[in-house]
Amino acid sequence: KQEVTQIPAALSVPEGENLVLNCSFTDSAIYNLQWFRQDPGKGLTSLLLIQSSQREQTSGRLNASLDKSSGRSTLYIAASQPGDSATYLCCLTGGGNKLTFGTGTQLKVEL
Amino acid sequence: DAGVTQSPTHLIKTRGQQVTLRCSPKSGHDTVSWYQQALGQGPQFIFQYYEEEERQRGNFPDRFSGHQFPNYSSELNVNALLLGDSALYLCASSVGGNYGYTFGSGTRLTVV
């Protein structure tokens, strides 16, 4: 059974700081890994998708990496802004196209 | 290009009642999955539909059932509602599941 862990559970940083969110998983037999953002009470917004054959993806200030052999992914956010405040979820697609989510990292970027 | 549309956005039901939630997938997507997200938790997989059939199911009781229509839209039905069914229900669509998922804004169900 796939287990996904996200560390830290919560993070508070001053505006402008670069930060790294971590995701670890137990089963490396995955199709892809996707990072989502969720604002309070809202649905999920896809940030980055990394196919299993890829190592990283970049979009603007965001960079996500995937290391299947070690069961790890990181989401790097550069020059953080208050608008980045949200919960960030790591999600893996495994056998049968079933998604397994981590419990998320709650990020607060302060002025 | 419309994304995933869910209705209703909010719903209040009484314990023991039945509820139906609806989802229209993103244009071009043929696979629909449903997730339950309790407060402070990550989404939990309920089931996935493809070609009008349930393809995968998570660890949810038979009170949770679904349907996919020929136009790929989907319904989630929950019978005999319990207080513990209160959650945000998310629908996600994809093309076969290998190219990432698009989520709707969810339906907030409150059981009283």
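Letters A, B, ... are given to chains in the order of the sequence lines, protein chains preceding strands, and every chain is numbered from 1. Just so you know, these numbers come straight off a predicted model, no measurement behind them. Computation of the quantities below employed the complete heavy-atom set of this structure, encompassing side-chain atoms and omitting hydrogens, waters and symmetry-equivalent molecules.
Between B:Tyr35 and A:Phe101, a ring centre-to-centre spacing shorter than 6.0 Å is recorded.
Contact annotation for A:Leu44: both backbone and side-chain heavy atoms come within less than 4.5 Å of a heavy atom of chain B. Only the side chain of B:Gln37 comes within less than 4.5 Å of a heavy atom of chain A; its backbone N, CA, C and O stay farther away. Proximity to chain B (any heavy atom under 4.5 Å) is restricted, for A:Gln38, to the side chain, taken from C-beta onward.
The CZ atom of B:Phe103 sits 6.0 Å away from the SG atom of A:Cys91 when rounded to the nearest 0.5 Å. Going from atom CG of A:Leu99 over to atom OH of B:Tyr101 covers 4.5 Å, rounded to the nearest 0.5 Å.
Residues B:Leu39 and B:Val78 do not share a hydrophobic cluster, defined by chaining ILVMFWY side chains whose heavy atoms lie under 4.5 Å apart.
B:Ser94 is not listed as a side-chain neighbour of A:Thr93, based on a closest heavy-atom distance of 4.5 Å or more.
Other residues, nucleotides and ligands contribute more than 12 heavy atoms inside 6.0 Å of the CG atom of B:Leu82. Shown here is B:Arg15, whose CZ atom has no more than 12 heavy atoms of other residues, nucleotides or ligands within 6.0 Å. Atom OH of A:Tyr88 has more than 12 heavy atoms from other residues, nucleotides or ligands within 6.0 Å. In this structure, B:Glu75 places its CD atom where more than 12 heavy-atom neighbours from other residues, nucleotides or ligands lie under 6.0 Å away. Counting heavy atoms of neighbouring residues, nucleotides and ligands inside a 6.0 Å radius, atom CZ of A:Arg55 does not exceed 12 of them.
Pairing each heavy atom of B:Leu90 with each of A:Gly43, the nearest pair is CD2-CA, 3.9 Å.
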